[in-house]
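For reference, the structure discussed in these notes is given below.
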Amino acid sequence: MTQIRNIVILTGAGISAESGIDTFRDAGGLWEQHRVEDVATPEGFARDPELVQRFYDARRKAVQQVAPNRAHEALAQLDRAWEGELLIVTQNVDDLHERAGARRVLHMHGELLSALCSSCDSRHEWREPLSERPACPGCGQPALRPDVVWFGEMPYQMDRIYAAIRRADLFVSIGTSGAVYPAAGFVRDAREFGARTLELNLERSEGSYWFHESRQGRAGELVPAWVEHLLMPS
Ligand code: OAD
C-alpha cells in the first residue's frame with residue numbers, strides 16, 4: 001500500500017444515527033416527515049419563516065440532548081494522533097465531532113448551534129429558539145436565521161475542501177447516502193487526484209460504485225475498527 005499522509009473524511013447523518021439523531025433518507029427519516037421544499041429552501045423560508053424556525057428550533061434542542069458515539073470518538077482520536085494533514089468534512093449540522101474532541105472539522109452545510117443574520121451577515125453562537133425572533137447581537141435587527149445551508153445555496157468553504165481533496169492520499173466517506181451534491185461527487189474528485197477511496201456505511205449507497213472499497217455496517221463498529229487499524233504501528 002502507498003504511504004498515507006493526507007486524509008479527507010466526509011461524514012453524513014449516518015455517523016450521528018447511533019447518537020439518536022434522525023437521518024434524512026432512511027425509513028422514518030426527516031425527509032419522510034417534512035417536505036424539503038418547505039423547510040430546507042430559501043423559498044420555503046420566505047413563504048413561512050415561523051414553520052422553518054420551529055423545525056430548526058426543535059433540531060437545535062434535540063442535538064443538545066444527545067452525546068457523541070464511538071464513531072465520533074474514534075475520529076477524534078485519529079485527529080489527535082494523525083501527524084499528516086487531516087480534514088473531517090461533515091455535512092452534519094450537529095456539533096458531535098467537536099464534542100468528541102475533534103478539531104480539524106469543517107461544516108459544509110452549516111451548524112445548528114449558529115445563527116446567521118440576514119441583515120448584517122454576522123454569525124453568532126446560538127443555543128436558544130429563533131422562532132421568537134430575537135434581536136441580532138450585531139445589528140439589533142430581528143433578522144436571525146439558522147446558519148444552515150439550504151437547497152439552492154452554496155455550501156461553505158468549497159475552496160478549502162477541494163484543496164484538501166487534491167492533496168489527499170486517502171478519502172473516506174462515512175454514513176452518507178451519496179444523494180446530495182457537491183458532497184456526493186467528492187469521491188470521484190479524490191480518485192481523479194490519486195487518492196485511495198473507502199466507504200463505511202450501513203448499506204451500499206448511491207455512490208458505492210465509485211469507491212475502491214465499500215464496507216457495510218454500523219458506524220459505531222466500523223469506524224473504531226478502521227481507525228485502530230490505521231493507527232497500528234506497521
Ligand atoms: P442520508 O439520510 O441521506 O443518508 C444517511 C446514510 O447513513 C444512509 O445511507 C444510511 O444507510 C446510513 N446510516 C444510517 N445509520 C447508520 C449507522 N448507524 N452507521 C452507518 N451508516 C448509517 O444523510 P446524508 O447523506 O448525510 O443536506 O444527507 C446529505 C444531506 O442531505 C444532508 O446534509 C442534508 C440532507 O438534505 C441539507 O440539508 C442541505
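Since we're looking at a predicted model, the values are computed, not measured. Whatever order the structure lists ligands and atoms in, that order sets their numbers, starting from 1.
Ion pair Glu50/Arg145 not flagged as a salt bridge, since none of the NZ, NE, NH1 or NH2 atoms sits closer than 4.0 Å to an Asp/Glu carboxylate oxygen. Using a 4.0 Å cut-off between charged nitrogen and carboxylate oxygen, Arg47 and Glu43 do not count as a salt-bridge pair. Between Arg104 and Asp79 there is a salt bridge, since a side-chain N of the basic residue sits under 4.0 Å from a carboxylate O of the acidic one. Between Arg5 and Asp169 there is no salt bridge, since no side-chain nitrogen of the basic residue lies less than 4.0 Å from a carboxylate oxygen of the acidic one. Salt-bridge annotation for Arg218 and Glu18: present, with a side-chain N of the basic residue lying under 4.0 Å from a carboxylate O of the acidic one. A salt bridge does not link Arg54 to Asp57: none of the charged side-chain nitrogens sits closer than 4.0 Å to a carboxylate oxygen.
In terms of protein heavy-atom proximity, atom 32 (C) of ligand 1 is closest to Phe24 CE1, 3.4 Å. When hydrogens are left out, the protein atom nearest atom 17 (C) of ligand 1 is Gly14 O, 3.4 Å; that is the closest non-hydrogen contact. Atom 14 (C) of ligand 1 has Asp26 OD2, 3.4 Å as its closest protein atom, hydrogens excluded (heavy atom only). Looking at atom 31 (O) of ligand 1, its nearest protein heavy atom turns out to be Arg25 NH1, 3.0 Å. Counting protein heavy atoms only, atom 25 (O) of ligand 1 is closest to Thr176 OG1, 2.6 Å. Here the protein heavy atom with the shortest distance to atom 21 (N) of ligand 1 is Leu202 N, 3.2 Å. For atom 29 (C) of ligand 1, the nearest protein heavy atom (residue, atom name, distance) is Gln91 OE1, 3.3 Å. Counting only heavy atoms of the protein, atom 39 (C) of ligand 1 lies nearest to Val149 O, 3.2 Å.
The aromatic rings of Trp31 and Phe24 sit tilted relative to each other, their planes meeting at an angle between 30° and 60°.
For ligand 1, the polar-atom distance check finds no N/O of Asn92 at less than 3.5 Å from any of the ligand's N/O atoms. Considering backbone and side-chain atoms alike, Leu200 places every N or O at 3.5 Å or more from each N or O of ligand 1. Looking at Asn201 next to ligand 1, an N or O pair under 3.5 Å apart turns up. Looking at Glu203 next to ligand 1, an N or O pair under 3.5 Å apart turns up.
The ligand atoms of ligand 1 that sit less than 4.0 angstrom from a heavy atom of Arg218 are 19 (N). Within the listing of ligand 1, atoms 26 (O) sit less than 4.0 angstrom from a heavy atom of Gly12.
At a heavy-atom cutoff of 4.0 Å, ligand 1 is contacted by both the backbone and the side chain of Ala219. Only the side chain of Glu18 comes within 4.0 Å of ligand 1, counting heavy atoms alone; its backbone N, CA, C and O stay farther away. If you look at His109 next to ligand 1, the close heavy atoms, those under 4.0 Å, all belong to the side chain. Residue contacts with ligand 1, taken as heavy atom pairs separated by less than 4.0 Å, involve Val180 solely via side-chain atoms from C-beta onward. Neither the backbone nor the side chain of Ile15 has any atom closer than 4.0 Å to an atom of ligand 1 (non-hydrogen atoms only). Counting heavy atoms under 4.0 Å from ligand 1, residue Phe151 touches it through the side chain alone. With a 4.0 Å cut-off on non-hydrogen atoms, Ala17 touches ligand 1 through its side chain and not its backbone.
Within the set Gly152, Gly110, Gly175, the minimum heavy-atom distance to atom 6 (C) of ligand 1 is found for Gly175.
The shortest non-hydrogen separation linking Ala71 to Pro224 is CA-CD, 4.5 Å. Across Gln33 and Gly28, no two heavy atoms sit closer than the pair NE2-O, 2.6 Å.
Residue contacts with ligand 1: Gly217 is included, with a non-hydrogen atom under 4.0 Å away. Heavy-atom distances between Trp31 and ligand 1 reach below 4.0 Å in at least one pair.
Residues Ile161 and Phe211 share a single hydrophobic cluster, defined by chaining ILVMFWY side chains whose heavy atoms lie under 4.5 Å apart.
Checking side-chain atoms of His72 against main-chain N and O of Asn69 turns up a donor-acceptor pair under 3.5 Å. No donor-acceptor pair under 3.5 Å is formed between the side chain of Ser19 and the backbone N or O of Ile21.
When ring centroids are compared, Phe55 and His34 come within the 6.0 Å threshold.
Side-chain atoms of Thr90 and Thr11 include a donor-acceptor pair closer than 3.5 Å.
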